A.B. asks: 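Next up is a structure, given as structure tokens.
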Protein chains: 2
Amino acid sequence: MISQTAEYALRAAVCLAQYAELPLTTQQIASVTGVPAGYLSKVLQSLVKANLVMSQRGLKGGFVLGRRASSLTILEIVNAVDPIKRIVTCPLGIETHGVNLCPLHKRIDEAIAMVETSFAESTLAQLLASPSKITPLCALPSVANLEPRQTINKLKDEADGG
Amino acid sequence: MISQTAEYALRAAVCLAQYAELPLTTQQIASVTGVPAGYLSKVLQSLVKANLVMSQRGLKGGFVLGRRASSLTILEIVNAVDPIKRIVTCPLGIETHGVNLCPLHKRIDEAIAMVETSFAESTLAQLLASPSKITPLCALPSVANLEPRQTINKLKDEADGG
DNA sequence: AATAAACTGGATATGTAGGTCCACTTATCC
DNA sequence: GGATAAGTGGACCTACATATCCAGTTTATT
């Protein structure tokens with residue numbers, strides 16, 4: 001349904017949302033989300049390139065969300081790493097009927113559209129505010145395990161100022 | 001969203017539904033659907049094993065639908081070759097909360113469920129009866145190209161008699 | 001029974017997603 | 001400014017989905 005990579009990206013995004021402005025390192029995110037650290041690094045790069053996440057190099061660096069959790073949707077995260085592809089032209093390569101799809105592909109596209117809409121309407125903030133007894137990512141080896149570290153003002157400045 | 005293989009299976013199924021009881025060979029289905037013949041052969045095998053399609057070996061053999069098009073759903077076809085996997089347990093491997101999913105995975109599973117339901121409610125017959133001006137599979141290099149061949153009574157007998 | 005058409009099944013190739021590794025760069029702290 | 005912690009980028013490996021090929025088997029026709 002959605003790729004492994006997209007699922008990893010969502011886990012990372014939820015994780016970052018939970019720790020708000022505290023920059024988390026790849027290792028920390030990996031340990032919380034269970035995503036292979038090496039691969040997570042690539043996934044995070046994609047999110048950074050899409051401007052959904054900000055990174056800070058060097059000692060005390062890490063990753064923070066690029067926008068408020070309430071404005072970041074599941075769809076944006078997914079599309080950053082593995083775009084949902086609507087069916088816009090006939091997969092059989094027939095051009096005779098332009099934008100019109102045959103009933104089969106129309107039906108499939110409708111299903112894709114439903115998912116797209118559903119994901120577009122879900123924000124990270126909603127996931128955190130979910131009334132479930134279970135915290136997002138269920139695992140969450142306790143916030144306490146993560147050393148409190150200063151937030152990176154430089155990142156905040158960039159986000160606020162320009 | 002759905003795999004290439006699943007899409008191929010759907011094309012083949014719609015194709016068979018269009019030609020009703022006329023057995024079509026792998027080559028014929030391939031030319032109508034644009035699916036690579038060699039691979040289509042494998043896909044059809046999966047449909048046969050799932051009892052959604054019947055095959056007849058030998059001269060004048062071919063494939064026909066195993067049931068009426070009105071009772072065959074998109075979901076069945078898809079599940080025969082590439083099962084839709086609902087999220088039933090925590091992907092992080094946490095067992096502490098049994099059947100309960102965290103908000104993220106619950107949300108994703110809801111989307112999968114929507115697609116599942118949607119596919120379960122779509123039959124091949126509905127696709128053929130679609131009011132679209134475009135015939136299913138859009139391409140359809142005209143029925144006329146396919147030599148009329150006798151239906152295989154043996155297959156019909158098995159289907160009707162038991 | 002011989003022939004040819006057609007499915008079956010196994011071996012093999014290819015392409016892409018998933019994943020690992022490491023040298024390099026950047027930034028903080030002492 | 002040296003040491004160390006961290007992201008960056010590229011090369012590389014692995015597994016699986018996709019695809020090809022072919023020898024073997026079944027069956028209608030003659």
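Computed from a prediction, not measured in an experiment: that's the story for all the values here. Every chain is numbered from 1 and lettered A, B, ... according to where its sequence line falls, protein lines coming before strand lines.
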A.B. asks: From the options D/dG7, D/dA28, C/dT28, select the nucleotide whose nearest atom is closest to the side chain of A/Lys60.
C.D. replies: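 Out of D/dG7, D/dA28, C/dT28, the nucleotide with an atom closest to A/Lys60's side chain is C/dT28.
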A.B. asks: Expressed in angstrom and rounded to an integer, what is the separation of A/Met1 atom CE from C/dA17 atom P?
C.D. replies: 18 Å
A.B. asks: Taking only residues two or more places apart in sequence, or in another chain, which ones meet B/Glu110 in a side-chain hydrogen bond (donor to acceptor under 3.5 Å, both in side chains)?
C.D. replies: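 Testing B/Glu110 for side-chain hydrogen bond (donor to acceptor under 3.5 Å, both in side chains), a comparison that skips the adjacent residues, returns B/Arg107.
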A.B. asks: From CE of B/Met54 over to P of D/dT27, roughly how many Å is that when rounded to an integer?
C.D. replies: 15 Å
A.B. asks: D/dG7 phosphate, OP1 or OP2: any side-chain N/O from A/Thr26 under 4.0 angstrom?
C.D. replies: yes
A.B. asks: Give the B/S/- string for nucleotides 11-25 of chain D, one per nucleotide from 5' to 3', where a protein heavy atom under 4.0 Å of the base yields B, of only the sugar-phosphate yields S, and otherwise -.
C.D. replies: -------SBB----B
A.B. asks: Take atom CG of A/Leu59 and atom P of D/dA5, then tell me their distance rounded to the nearest Å.
C.D. replies: 7 Å
A.B. asks: Between C/dC7 atom P and B/Leu47 atom CG, what is the distance in whole Å?
C.D. replies: 13 Å
A.B. asks: Is any side-chain nitrogen or oxygen of B/Gln27 closer than 4.0 Å to OP1 or OP2 of C/dC7?
C.D. replies: no
A.B. asks: Expressed in angstrom and rounded to an integer, what is the separation of B/Ile29 atom CD1 from C/dA5 atom P?
C.D. replies: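 Spelled out: CD1 on B/Ile29 to P on C/dA5 is 18 Å.
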A.B. asks: Less than 4.5 Å apart, side chain to side chain, heavy atoms only: is that true for A/Val43 and A/Val35?
C.D. replies: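 Heavy-atom side-chain distance check fails, nothing below 4.5 Å.
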A.B. asks: With sequence neighbours excluded, tell me which residues meet salt bridge (charged side-chain N to carboxylate O under 4.0 Å, His left out) with B/Arg86.
C.D. replies: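 Only B/Asp109, B/Glu116 meet the salt bridge (charged side-chain N to carboxylate O under 4.0 Å, His left out) criterion with B/Arg86.
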A.B. asks: Taking only residues two or more places apart in sequence, or in another chain, which ones meet A/Glu121 in a side-chain hydrogen bond (donor to acceptor under 3.5 Å, both in side chains)?
C.D. replies: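 Result, side-chain hydrogen bond (donor to acceptor under 3.5 Å, both in side chains) vs A/Glu121: none returned.
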A.B. asks: Partners of A/Ser3 by side-chain hydrogen bond (donor to acceptor under 3.5 Å, both in side chains), sequence neighbours excluded?
C.D. replies: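 With neighbours one apart ignored, the set is A/Asp82.
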A.B. asks: For A/Thr5, which residues count as a side-chain hydrogen bond (donor to acceptor under 3.5 Å, both in side chains) partner, sequence neighbours excluded?
C.D. replies: A/Tyr39
A.B. asks: Check whether any side-chain heavy atom of A/Phe63 sits under 4.5 Å from a side-chain heavy atom of A/Leu44, and report yes or no.
C.D. replies: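 Yes. Closest side-chain heavy atoms under 4.5 Å.
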A.B. asks: Please give, in whole Å, the distance from D/dA6 P to A/Leu22 CG?
C.D. replies: 12 Å
A.B. asks: Would you mind reading off the distance between B/Leu44 atom CG and C/dC7 atom C1', rounded to a whole angstrom?
C.D. replies: 10 Å
A.B. asks: Between B/Gln56 (CD) and D/dT27 (P), how many Å, whole number?
C.D. replies: 7 Å
